[in-house]
Amino acid sequence: QVQLVESGGGLVQAGGSLRLSCAASGIIRSINAMGWYRQAPGNQREKVAAITSGGSTNYADSVKGRFTISRDNAKNTVYLQRNSLKPEDTAVYYCNVDYTDTYYLQRSSWGQGTQVTVSS
């Protein structure tokens with residue numbers, strides 16, 4: 001089982017920047033893809049960005065050019081650098097990690113979510 005601890009959320013003015021972090025811990029064989037999702041009030045959870053174990057990335061069209069996902073495999077941590085924030089980026093951001101457990105089963109785990117509020 002993987003435990004995920006997120007940090008870096010908060011209140012920021014439009015145009016500002018914030019970096020989210022998500023650290024994974026637990027007894028596992030390997031961490032595969034890592035990603036960030038967000039859910040605004042009244043909306044479904046949407047995928048924001050993802051990064052594979054090899055470093056390939058993909059982004060939602062709405063954040064391309066503004067957000068950057070990265071990972072530190074030595075620390076089992078994924079980051080989301082968010083620049084040029086807009087009020088519509090306001091949401092609860094969730095970290096998601098796909099991993100292989102000690103029984104070679106593929107599993108997925110979610111963080112508890114961190115609130116990001118962008119004021120206009």
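What you see is a predicted model; the values in this text were computed from it and never measured. Along the sequence shown, residues are numbered consecutively beginning with 1.
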* Measuring from Lys64:NZ to Thr57:OG1, what's the distance to the nearest 0.5 Å? -> 9.5 Å
* Any side-chain donor-acceptor pair under 3.5 Å between Asn73 and Ser53? -> no
* What closest approach, in Å, do Asn32 and Arg71 show between heavy atoms, and which atom pair accounts for it? -> O-NH1, 2.7 Å
* Asked: Strictly by modelled atom types, are Tyr99 and Arg107 linked by a side-chain donor-acceptor pair under 3.5 Å?
  -> no
* Specify the closest pair of heavy atoms between Ser120 and Ala14, including all atoms of both residues, with the distance to one decimal. => CA-CB, 4.3 Å
* Asked: Hey, is Lys86 close enough to Asp89 for a salt bridge, meaning N to O under 4.0 Å?
  -> no
* Structure fact -> Separation between CG (Asn43) and CD (Glu88), nearest 0.5 Å, reads 12.0 Å
* Asked: With distance as the sole criterion, is a donor-acceptor pair present between the side chains of Gln106 and Thr100 under 3.5 Å?
  -> yes
* Anything under 30° is parallel, anything over 60° is perpendicular, the rest tilted; go ahead and classify Tyr94 against Trp110. => perpendicular
* Measure across Thr68 and Tyr59 and return the closest heavy-atom pair with its distance rounded to 0.1 Å. => CA-OH, 3.4 Å
* Asked: If you round to the nearest 0.5 Å, how far is OH of Tyr93 from CG of Leu80?
  -> 7.5 Å
* May I ask you to check if Arg19 and Tyr79 form a cation-pi contact, with NZ or CZ under 6.0 angstrom from the six-membered ring centre and within 45° of the axis? => yes
* **Main-chain N/O of Val92 paired with Gln39 side-chain donor or acceptor, under 3.5 Å** => no
* **Donor-acceptor pair, side chain of Thr114 and main chain of Glu6, under 3.5 angstrom** => no
* Donor-acceptor side-chain pairing of Ser17 and Asn83 below 3.5 angstrom -> yes
* Evaluation steps, side-chain hydrogen bond (donor to acceptor under 3.5 Å, both in side chains), between Ser25 and Asn76 -> CA-CA 7 Å; Ser25 62; Asn76 289 338; over 6 Å; no
* State the CD1-CG distance between Ile27 and Asp101, to the nearest 0.5 angstrom. => 11.0 Å
* For the atom pair OG1 (Thr90) and CD (Gln115), what is the distance rounded to the nearest 0.5 Å? -> 7.0 Å
* Is Ile31 reachable from Tyr37 through a run of hydrophobic residues whose side-chain heavy atoms are each under 4.5 Å from the next? -> no
* **Sub-4.5 Å side-chain heavy-atom contact between Lys47 and Asn58** => yes
* State, with a plain yes or no, whether a side-chain heavy atom of Ser62 is found less than 4.5 Å away from one of Arg38. => yes
* Shortest non-hydrogen contact from Leu4 toward Ser109 -> CD1-O, 3.4 Å
* Distance in Å, Phe67 CZ paired with Ser84 OG, rounded so as to fall on 0.5 Å steps -> 9.0 Å
* Less than 4.5 Å apart, any side-chain heavy atom of Val48 and any of Arg82? -> no
* To do: Indicate the atoms forming the closest heavy-atom contact of Ile69 with Gly35, along with that distance.
  => CD1-CA, 4.1 Å
